[in-house]
Amino acid sequence: MKSKSLAQVTDFDLKLLRIFKTVSECGSFSAAESLLGITRSAISLNMSDLEKRLGMRLCQRGRSGFALTDEGREILRHSDSMMAAIENFRQQVNQMHKQLRGEFNIGIINNLVTQPRMKITHALDSLRASGPDIRLNISMMTASDIERGLMDGRLHVGALPLTSPISGLDYMQLYDEKSNLYCSSKHPLFSQETPPDDAQLMQFDAVAPGFRMTAEAIGMHQKLHCTATASDREGIAFLILTGRFIGFLPDHYAAQWVEKAQMRAVAPVRLHFSSKIGIATRTGRRANAILEKFIQSLDL
């Protein structure tokens, strides 16, 4: 494709770049149809227009599937930075007008919704009530992805376990989360009346988290014969419910299965640990009225 200079970035260019970003995240034109609300042929025309505007091939599409070119990956990276700058400009204007308008991006680890102290839920409710023009974007992510999203500006705030704070982020505690060791109704330990000792525990397969843990949590998992891992708590629950694994889950998350007699805690007096759950923001962040309202609504 013949190279050319881009004289200026228009609203039409921004529209095309947003379509390009959505297609890239979905991995194909067909998968992006429902999100964009336009047909594959319209998406293809828009992509062709963008490539002509930029003078470079952004992706390969055809029978072999969809794949970004090297130039496409670079354009995607630069467009993300530009979109973040535009959003930052809008936030600064909002600050001047004292009006809550714009996007609010929050990353949350899985399964916090069952936490009885629903601080995040109440804060989101308060935020929405204070500004009908606020667009809330929630992403369920791992703790590491949340930290990366905060550092590169894609997220305004994240809710995650406070295990090992990293430089460049500020953390605030929300609550303590207690986890017990659980087995399912299909597991031999479910009907055992006496709590298992350490030797007996090692006879059963267990699942360990694939994410960072506190020293206390690591110590508890060292008592188990861990033969499987899971990237999040939902994955741990899946394996426990097979009846072939035991594993630690937050009490508030496991309660739904305990109430149905599908799970029970194993030796809860001695096999448990607590984790601190909190929010994180980027250190030295720019003034953001929406974020400050959200933090204020958490009633920390």
Discussion item. Under 4.0 Å between a side-chain nitrogen and a carboxylate oxygen: does that hold for R77 and D80?
Written reply: no
Worksheet entry | Non-hydrogen side-chain atoms of N180 and K178 separated by less than 4.5 Å | yes
Worksheet entry | Approximate separation, where rounding is to 0.5 Å, of I166 CD1 and M151 CE | 5.5 Å
Worksheet item: Do the rings of F104 and H156 sit parallel, tilted or perpendicular, given the 30° and 60° boundaries?
Response: parallel
Fill in: Interatomic spacing from CZ in R264 to OG in S185 - rounded to 0.5 Å
11.0 Å
Worksheet item: Roughly how far, to the nearest 0.5 Å, is the CD1 atom of I120 from the CG atom of L112?
Response: 5.5 Å
Item to complete: Flag the pair L16 / M47 as yes when at least one side-chain heavy-atom distance between them is below 4.5 Å, and no otherwise.
Response: no
Worksheet entry | Salt-bridge criterion met for E87 and R135 (N-O under 4.0 Å) | no
Discussion item. Counting C-beta onward and ignoring hydrogens, is there a side-chain heavy-atom pair between Q192 and Q200 closer than 4.5 Å?
Written reply: yes
Worksheet item: Take atom CZ in F238; do more than 12 heavy atoms of anything else shown fall under 6.0 Å from it?
Response: no
Worksheet entry | Salt-bridge present (R57, E51; N to O < 4.0 Å) | yes
Fill in: Side-chain heavy atoms of T242 within contact of K186, under 4.5 Å
no
Worksheet entry | CE on M140 to CG on N110, rounded to 0.5 Å | 4.5 Å
Worksheet item: Same cluster for F273 and M213 if Ile/Leu/Val/Met/Phe/Trp/Tyr side chains link at under 4.5 Å?
Response: no
Discussion item. If you compare all heavy atoms of L162 against all heavy atoms of I277, which two are closest, and at what distance to 0.1 Å?
Written reply: CG-C, 4.2 Å
Item to complete: Verify the cluster assignment for M118 and Y175: are they in a single hydrophobic cluster under the rule of side-chain heavy atoms below 4.5 Å apart?
Response: no
Practice prompt. Give a yes or no on whether I279 and L150 share a hydrophobic cluster (residues Ile, Leu, Val, Met, Phe, Trp, Tyr; joining criterion: side-chain heavy atoms under 4.5 Å apart).
Written response: yes
Worksheet item: side chain to side chain contact (heavy atoms under 4.5 Å, CB included) between I240 and W257: does it pass, once the steps are laid out?
Response: CA-CA 11 Å; I240 292 174; W257 294 292; over 6 Å; no
Practice prompt. Without swapping roles, check the side chain of R73 against the backbone of L68 for a donor-acceptor pair under 3.5 Å.
Written response: yes
Discussion item. With a 3.5 Å distance limit and no angle check, can you tell me whether S48 reaches the backbone of S44 through a side-chain donor-acceptor pair?
Written reply: yes
Worksheet entry | Donor-acceptor contact present, side-chain T69 to main-chain L58, <3.5 Å | yes
Discussion item. Less than 4.5 Å apart, side chain to side chain, heavy atoms only: is that true for I38 and N46?
Written reply: yes
Practice prompt. Determine whether F66 and V23 make a side-chain contact, defined as any pair of heavy atoms from C-beta on separated by less than 4.5 Å.
Written response: yes
Discussion item. Give me the atom names and distance for the closest heavy-atom approach of F20 to I75.
Written reply: CE2-CG2, 4.0 Å
Worksheet item: How many angstroms lie between atom CG of L54 and atom OG of S79, to the nearest 0.5 angstrom?
Response: 9.5 Å
Discussion item. Using side chain to side chain contact (heavy atoms under 4.5 Å, CB included), reason through I43 and E33 one step at a time and then give a plain yes or no.
Written reply: CA-CA 8 Å; I43 294 174; E33 277 186 302; 4.3 Å; yes
Worksheet entry | Shortest non-hydrogen contact from M83 toward R18 | CE-CG, 3.6 Å
Practice prompt. Just do the salt bridge (charged side-chain N to carboxylate O under 4.0 Å, His left out) check on R282 and D170 with the steps written out, would you?
Written response: CA-CA 6 Å; R282 187 168 60 178; D170 295 327; over 6 Å; no
Worksheet entry | Same apolar cluster: L136 and I295, side chain cutoff 4.5 Å | yes
Item to complete: Inspect the contact between R117 and E177 and indicate whether a charged nitrogen and a carboxylate oxygen are less than 4.0 angstrom apart.
Response: no
Worksheet item: Passes ring-ring contact (aromatic ring centres under 6.0 Å, His included), H221 versus F248? Steps please.
Response: CA-CA 8 Å; H221 282 85; F248 284 94; 5.0 Å; yes
Practice prompt. Please say whether more than 12 non-hydrogen atoms of neighbouring residues, nucleotides or ligands are located less than 6.0 Å from CG in D176.
Written response: yes
Discussion item. Let me check something: do I246 and L241 share a hydrophobic cluster, defined by ILVMFWY side-chain heavy atoms less than 4.5 Å apart, either directly or through other members?
Written reply: no
Worksheet entry | Distance, nearest 0.5 Å, that separates CZ of F211 from CG of L160 | 11.5 Å
Worksheet item: Are any of the side-chain heavy atoms of D198 and R270 separated by less than 4.5 Å?
Response: yes
Worksheet entry | Donor-acceptor pair, side chain of D125 and main chain of H122, under 3.5 angstrom | no
Item to complete: Identify the two heavy atoms, one from C26 and one from L35, that lie closest to each other, and give their separation to 0.1 Å.
Response: SG-CD1, 3.4 Å
Fill in: R212 side chain vs T163 backbone, donor-acceptor pair below 3.5 Å
no
Discussion item. Contact between I106 and F294 at the side-chain level, heavy atoms closer than 4.5 Å - yes or no?
Written reply: yes
Worksheet item: Shortest non-hydrogen contact from A237 to M263?
Response: O-CE, 4.2 Å
Worksheet item: Is any side-chain N of the basic residue among D205 and R244 closer than 4.0 Å to the acidic one's carboxylate O?
Response: no
Discussion item. Could you walk me through whether T39 and S41 satisfy the side-chain hydrogen bond (donor to acceptor under 3.5 Å, both in side chains) test, starting with their C-alpha distance in whole Å, then the side-chain angles of each, then the deciding distance to 0.1 Å, before giving a yes or no?
Written reply: CA-CA 5 Å; T39 64; S41 58; 3.0 Å; yes
Worksheet item: Quick one: do the S30 and S28 side chains pair a donor with an acceptor below 3.5 Å?
Response: yes
Discussion item. Using side chain to side chain contact (heavy atoms under 4.5 Å, CB included), reason through D232 and I109 one step at a time and then give a plain yes or no.
Written reply: CA-CA 8 Å; D232 55 31; I109 61 167; over 6 Å; no
Item to complete: Mind listing the closest non-hydrogen atom pair of L174 and K119 along with its distance?
Response: O-NZ, 3.3 Å
Worksheet entry | Evaluation steps, side chain to side chain contact (heavy atoms under 4.5 Å, CB included), between L169 and E147 | CA-CA 8 Å; L169 295 181; E147 289 168 339; 3.8 Å; yes
